[in-house]
Asker: 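What follows is a structure written as structure tokens; I'll ask about it next.
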Amino acid sequence: MDLADGLLDQPYDVYRRLRDTAPVHRITGPDGTPAWLVTRYDDVRAALADPRLALGKRHATAGTYQGLALPPALDANLLNMDPPDHTRIRRLVGRAFTPRRVERLREPIRRTAGRLLDALGPHGATDLIASYAAPLPITVICDLLGIPEEHRLDFRVWTDGLTAPDPARPGASREAMAAMLGFLTRLLAAKRADPADDLLSDLIAVRDDGDRLTEDELMSLAFLILFAGYENTVQLIGNAVLALLRHPDQLTALREDPARIPDAVEEFARYDGPALLALRRFPVEDVTIAGVTVPAGETVWVSLAAANRDPARFPYPDRLDPGRDTSGHLALGHGIHYCLGAPLARAETEIALAVLLERFPELTLAADDLKRRRSLRARGLVELPVRYRRRDSIA
């Protein structure tokens, strides 16, 4: 099975068949090399927490996994690390990336969301990805990192080029990577010379008993926070709004009772989250999963989306139900690699939905045939055309 077959268009149908017939399935991975795909909730959750399934690419059998080739200055990030390096860097980052900092961002996020919607005018049509779901998280993450406003559009172009490159431009990913690396190099030098009240300055200064981030670790971490902080959140917001527009009864219920939005965000993440797959893993020894032995060094992909639609864990999983018990969903990972930015992604999505429903009492889809991004790295929409009417424009 080619992993891309059906997954980009009908992932949940494909995953349903695999859970029922071959929960650990031999596939061709996104990079064209052989791999194993894990789809049932219990197996996926166990795999995410299994120390025998490493992230470090050095554990891959030679000549197998290809993946996204990053330059060394961007490759030394948490997504490619195992303990003890992962533990050390996560501890250092945790001192700067705190829930308290996220809480302080809530009011600025709300102001940004309101400003973006005000710019749309009292009524009309818009692509809600381009006008709202994308600029909101890129503004938030750039404010957090201390990135000047004039460079923010560049970052959106670069991240889009990395996650969903244009097939007509085979060199676009490398160009985006080189541009991002060059800019981050200059930005970190500027922050080191003139620190400010932002996360990048804090990461440059952070220490733990004399330990600190190396230059490559610092660069890679800045890249990861920017990339993941934008990419995951824009897809989560877009997918959540689409789910509501396709379930108008749920949209009405949330508009009438906004206090339910935080719980609803967990259901949106479970129902149609920002990732089809977790990061690939490499067994450091032969590992048996659901009765299938996966040899050491081979590539393992665990499907977050398939696990979150497993009826053995979530009854009637294909039904959108913001009132259900979503505890244990895996949309943002599990175990030591659980998403570091999860509190920020949740806060942004909660606020984005609350402000949207408050400002636009009339909001409908403006097209039925929606295009998904051709990417297995980030499940999201190319655009989300809507018609809207702002509250203060309704007579």
Side-chain angles (χ1 to χ4, degrees), residues 70-81 85-109 111-112 134-163 176-234 337-348:
L70 293 172
L74 300 181
D75 204 43
N77 66 65
L78 292 169
L79 304 187
N80 294 323
M81 287 184 176
D85 285 338
H86 176 272
T87 307
R88 176 179 64 85
I89 291 180
R90 187 145 179 148
R91 183 179 65 244
L92 286 168
V93 177
R95 292 170 179 259
F97 206 94
T98 61
R100 191 171 160 192
R101 185 190 288 269
V102 171
E103 194 60 33
R104 292 205 310 265
L105 287 171
R106 280 187 171 268
E107 190 52 40
I109 294 171
R111 287 197 301 269
T112 300
L136 178 61
I138 200 68
T139 299
V140 171
I141 203 68
C142 286
D143 281 347
L144 182 67
L145 290 171
I147 293 172
E149 189 167 348
E150 62 266 24
H151 296 290
R152 296 178 183 187
L153 180 59
D154 292 335
F155 270 108
R156 185 178 170 198
V157 172
W158 295 337
T159 54
D160 287 350
L162 288 173
T163 55
M177 202 178 302
M180 189 177 292
L181 177 58
F183 176 75
L184 286 175
T185 300
R186 296 188 295 273
L187 180 65
L188 287 172
K191 295 291 183 186
R192 187 173 280 109
D194 186 18
D197 183 18
D198 56 55
L199 183 57
L200 276 185
S201 297
D202 287 355
L203 291 175
I204 290 169
V206 73
R207 293 175 180 272
D208 185 9
D209 294 331
D211 192 12
R212 66 184 304 170
L213 298 168
T214 68
E215 194 65 21
D216 280 356
E217 289 169 350
L218 180 60
M219 183 79 68
S220 297
L221 193 55
F223 166 73
L224 177 62
I225 292 172
L226 175 68
F227 185 81
Y230 162 71
E231 191 61 45
N232 285 336
T233 309
V234 64
H337 297 287
Y338 184 77
C339 177
L340 187 66
L344 181 58
R346 285 187 168 99
E348 289 181 71

Asker: Please tell me if the side chains of Leu78 and His337 come closer than 4.5 Å, counting only heavy atoms from C-beta onward.
Answerer: no
Asker: Between atom CG of Leu136 and atom CD1 of Ile141, what is the distance when rounded to the nearest 0.5 Å?
Answerer: 11.0 Å
Asker: Are the side chains of Leu203 and Ile225 in contact, using a 4.5 Å heavy-atom criterion?
Answerer: yes
Asker: Do you know which two heavy atoms are closest between Ala196 and Lys191, and how far apart they sit?
Answerer: CB-NZ, 4.4 Å
Asker: Measuring from atom CZ of Arg106 to atom CD of Glu348, what distance do you get when rounded to the nearest 0.5 angstrom?
Answerer: 10.0 Å
Asker: Tell me, do Arg90 and Met81 make a side-chain contact under 4.5 Å, heavy atoms counted?
Answerer: no
Asker: What pair of heavy atoms forms the shortest contact from Leu144 to Leu105, and how long is it?
Answerer: CD1-CD1, 3.8 Å
Asker: Distance check, rounded to the nearest 0.5 Å: Leu218 atom CG versus Leu184 atom CG?
Answerer: 9.5 Å
Asker: If I take atom OG1 from residue Thr233 and atom CD1 from residue Ile138, how far apart are they, to the nearest 0.5 angstrom?
Answerer: 10.0 Å
Asker: State, with a plain yes or no, whether a side-chain heavy atom of Leu221 is found less than 4.5 Å away from one of Leu92.
Answerer: no
Asker: Is the side chain of Arg186 donor-acceptor paired with the backbone N or O of Gly182 at a distance under 3.5 Å, no angle test?
Answerer: yes
Asker: Minimum heavy-atom separation for Cys142 to Leu226, with atom names?
Answerer: SG-CD1, 4.2 Å
Asker: What is the minimum heavy-atom distance between Ala222 and Leu145, and which atoms define it?
Answerer: O-CD1, 4.4 Å
Asker: Only one of Asp75, Leu224, Thr185 forms a side chain to side chain contact (heavy atoms under 4.5 Å, CB included) with Met219, so which one is it?
Answerer: Thr185
Asker: Can you see which heavy atom on Leu74 is nearest to which on Ser220, and at what distance?
Answerer: C-OG, 3.0 Å
Asker: What distance separates Leu79 CG from His86 NE2, expressed to the nearest 0.5 Å?
Answerer: 8.0 Å
Asker: Would the number of heavy atoms belonging to other residues, nucleotides or ligands and lying under 6.0 Å from CD of Glu107 be above 12?
Answerer: yes
Asker: Under a 3.5 Å distance rule, please check whether Ser201 uses its side chain to pair with a backbone N or O of Asp197 as donor and acceptor.
Answerer: no
Asker: Contact between Leu344 and Ile109 at the side-chain level, heavy atoms closer than 4.5 Å - yes or no?
Answerer: yes
Asker: Please round to the nearest 0.5 Å and tell me the distance separating atom CZ of Arg88 and atom CG of Leu213.
Answerer: 7.0 Å
Asker: Is the closest side-chain heavy-atom distance between Pro148 and Leu187 below 4.5 Å?
Answerer: yes
